[in-house]
Amino acid sequence: MKQPKYITKLQQIPELSSHERERLQPVCDTFAFRANEYYLSLIDWDDPNDPIRKIVIPHRDELAMVGQLDASNEKLYKKAPGLEHKYEHTVVLLVNDVCGAYCRFCFRKRLFMDFNDEVTRDISEGIEYIRQHPEINNVLLTGGDPLLLSTNRLKKIIAELREIEHIRIIRIGSKMPAFNPFRILNDPSLIEMFETYSTCEKKIYVMCHFNHPRELTEQAKQALHLLQRAGVVTVNQTPLIKGVNDKPEVLGKLLDELSFIGVPPYYVFQCRPTQGNHHLAIPVEKACEIHEQAKMMGSGLAKRSRLVMSHTLGKIEILGITDDYILFRFHRAANPTDKAYTVVFKRNPNAYWYDDYSDIVVDSTFTNPFHKPEFENADEMTLSLLN
């Protein structure tokens, strides 16, 4: 199949009535809309609650404007144009401000707005920063979607990074295997590039974004197989989204199917409190129950995902719940002294984010013996970092 046509106007979707287009236009005026013919073909237009529709078609509830555009304060970690350095050994390079389609729950929707200045075409300062910091051993290319760059452009970026001895891993965050697998299937030069630069000692990872089992089409599986044959390591991450994958049997099937095709589950994310996302979010404790039930349905390989939230302070893993308490651990920490710090709160069924918890429980059984808590609650911890 030839490359599917990209669509940026609701008027280009005949399955939407004129009334629906009119109602949804104010949403598109606020948050960008983009899709393509292939991905739209996966929607069952007779089902108003179709999960693929929820992923990509705007909804009026986005205009509720709850939350922040930069919910994890990524701007705090900007060290050079297009570069963020939050964790010791990892940097993020924002190399593109376009995606194959725009997820309605995107946590970086600010990048697709007119005032965005976080993405840069010239990453030379970022490359130099990486070169000067030998503690960095892996780089995540993201944005936007790096696989929407021309193969030539992507190859130049990867070639520059491969010249830096201490960079052992290059990761590419991409939903193109789900949004448009023909980007991979129709470009042999892309596969050749991966074969060249994903070596036996320095791998390239493609961090896929499959959110629902129906995205795992035959074309998507073929594209993933080509990447794997080229030496690329493929893994998957997905947020937990209301109406998309918030049923244990749906999430369980996704995790299982991914394990069958060599794309092991990596992270399942708590939906960030980004503007326009609240109607798609699930309370933290409900998310924990769904994730645990889903994992019980598959083999050990399908159970490898961690339920985490990407917070200002770090990647916080939701370890589990008891009748009275919820347990969190700093799986990755912006402040290195917080590594593996575990904190226990009294449960709050109305909590959607770490900051919604305030009733901390001090119990040496669960706390990191190398960490002395300096703050009474999550708000104090956040304010300390922001200041």
Side-chain angles (χ1 to χ4, degrees), residues 3 36 38-39 55 90-96 98-101 103 106-108 123 137-162 167-213 215-239 254-255 257-269 301-302 304-306 310:
Q3 287 291 343
N36 65 68
Y38 163 80
Y39 197 70
I55 290 172
T90 304
V91 295
V92 170
L93 270 177
L94 301 172
V95 298
N96 197 6
V98 183
C99 282
C103 298
C106 180
F107 68 89
R108 284 203 186 115
I123 60 167
N137 61 26
N138 77 93
V139 176
L140 171 60
L141 304 180
T142 183
D145 199 314
L147 288 188
L148 266 180
L149 297 173
S150 71
T151 299
N152 241 10
R153 172 67 179 142
L154 184 60
K155 181 178 180 179
K156 286 177 182 175
I157 295 171
I158 289 176
E160 280 193 87
L161 290 170
R162 276 289 175 251
I167 298 305
R168 304 297 297 272
I169 290 174
I170 297 171
R171 290 186 280 160
I172 298 173
S174 179
K175 194 170 166 64
M176 290 301 280
F179 274 152
N180 179 12
F182 299 98
R183 166 67 183 100
I184 299 162
L185 292 171
N186 293 351
D187 187 358
S189 67
L190 180 68
I191 300 304
E192 290 170 13
M193 185 273 291
F194 283 132
E195 288 173 339
T196 300
Y197 291 106
S198 190
T199 69
C200 61
E201 293 187 343
K202 294 184 176 184
K203 287 293 181 185
I204 292 176
Y205 284 66
V206 169
M207 324 300 286
C208 302
H209 297 256
F210 289 98
N211 310 127
H212 190 276
E215 294 176 317
L216 291 167
T217 63
E218 284 307 308
Q219 296 94 331
K221 292 175 184 178
Q222 291 168 18
L224 292 165
H225 186 58
L226 284 180
L227 292 175
Q228 292 159 356
R229 285 180 56 188
V232 171
V233 180
T234 52
V235 298
N236 191 74
Q237 49 195 25
T238 179
L254 176 65
L255 301 180
E257 292 289 335
L258 288 165
S259 72
F260 297 157
I261 60 175
V263 188
Y266 177 47
Y267 288 136
V268 172
F269 286 103
L301 292 170
R304 294 167 69 178
S305 61
R306 296 175 186 266
S310 285

Q: Mind checking what makes ring pair (Phe, Tyr, Trp, His ring centres under 6.0 Å) contact with F210, not counting sequence neighbours?
A: none
Q: Which residues pass the salt bridge (Lys or Arg N to Asp or Glu O under 4.0 Å) test with K202, not counting sequence neighbours?
A: E165
Q: What pairs meet the salt bridge (charged side-chain N to carboxylate O under 4.0 Å, His left out) rule with one or both residues in residues 140-156, with sequence neighbours excluded?
A: none
Q: Suppose we screen for side chain to side chain contact (heavy atoms under 4.5 Å, CB included). Which residues come up paired with S310, at least two apart in sequence or across chains?
A: S72, F269, R272, K315
Q: Enumerate the residue pairs fulfilling side chain to side chain donor-acceptor pair (under 3.5 Å) with a member in residues 258-269, sequence neighbours excluded, ordered by first and then second residue.
A: Y267-H331
Q: Going through the checks in order, is the side chain to side chain contact (heavy atoms under 4.5 Å, CB included) test met by Y205 and N138?
A: CA-CA 10 Å; Y205 284 66; N138 77 93; over 6 Å; no
Q: Could you check if a side-chain atom of R183 sits within less than 4.5 angstrom of a side-chain atom of L148, using non-hydrogen atoms only?
A: no
Q: Are V232 and L226 packed together at the side-chain level, in the sense that at least one heavy-atom pair is separated by less than 4.5 angstrom?
A: no
Q: Ignoring hydrogens, what is the shortest heavy-atom contact between L185 and A223? Give both atom names and the distance.
A: CD2-N, 3.7 Å
Q: What distance do L258 atom CG and E215 atom CD have between them, rounded to the nearest 0.5 Å?
A: 9.5 Å
Q: How far apart are the closest heavy atoms of S198 and G231, and which atoms are they?
A: OG-O, 2.7 Å
Q: Between V233 and I169, is a side chain to side chain contact (heavy atoms under 4.5 Å, CB included) present by the stated rule, with each step listed?
A: CA-CA 10 Å; V233 180; I169 290 174; over 6 Å; no
Q: Kindly say whether I157 contributes a backbone atom to a donor-acceptor pair with the side chain of E160 at under 3.5 angstrom?
A: no
Q: Which distance, rounded to the nearest 0.5 Å, do you find between the CG of L216 and the CD1 of I261?
A: 5.0 Å
Q: Contact between L147 and N96 at the side-chain level, heavy atoms closer than 4.5 Å - yes or no?
A: no
Q: Looking only at heavy atoms, which two atoms of Y38 and F179 are closest? And how far apart?
A: CD2-O, 3.1 Å
Q: Extract all donor-acceptor atom pairs below 3.5 Å that involve side chains of residues 188-197 and protein atoms in other chains or at least two apart in sequence.
A:
from	atom 1	to	atom 2	distance (Å)
S189	OG	D187	OD1	2.4
T196	OG1	E192	O	3.0

Q: For G100 and N36, work out which heavy atoms get closest and say how close.
A: O-ND2, 3.6 Å
Q: Taking the side chain as every heavy atom from C-beta outward, state whether P264 and L301 have any atom pair closer than 4.5 Å.
A: no
Q: Is a donor on one side and an acceptor on the other found under 3.5 Å between the side chain of Q219 and the backbone of F182?
A: no
Q: Let me know which of T238, N211, V268 forms a side-chain contact (heavy atoms from CB on, under 4.5 Å) with L254.
A: T238
Q: Whether the side chain of T142 engages the backbone of G173 through a donor-acceptor N/O pair (distance < 3.5 Å, no angle test) should be reported.
A: no
Q: Could you state the interatomic distance from CG (N236) to CE (M207), rounded to the nearest 0.5 Å?
A: 9.0 Å
Q: With sequence neighbours left out, what residues match R304 under salt bridge (Lys or Arg N to Asp or Glu O under 4.0 Å)?
A: none
Q: What's the spacing between I123 CD1 and L161 CG if we round to 0.5 Å?
A: 6.5 Å
Q: Taking only residues two or more places apart in sequence, or in another chain, which ones meet Q228 in a side chain to side chain contact (heavy atoms under 4.5 Å, CB included)?
A: L224, H225, T234, V263
Q: What's the spacing between K175 NZ and Q237 CD if we round to 0.5 Å?
A: 11.0 Å
Q: Output the distance between atom OG (S174) and atom CG (L227), rounded to the nearest 0.5 Å.
A: 8.5 Å
Q: Can you list everything that forms a salt bridge (Lys or Arg N to Asp or Glu O under 4.0 Å) with R171? Sequence neighbours excluded, please.
A: none
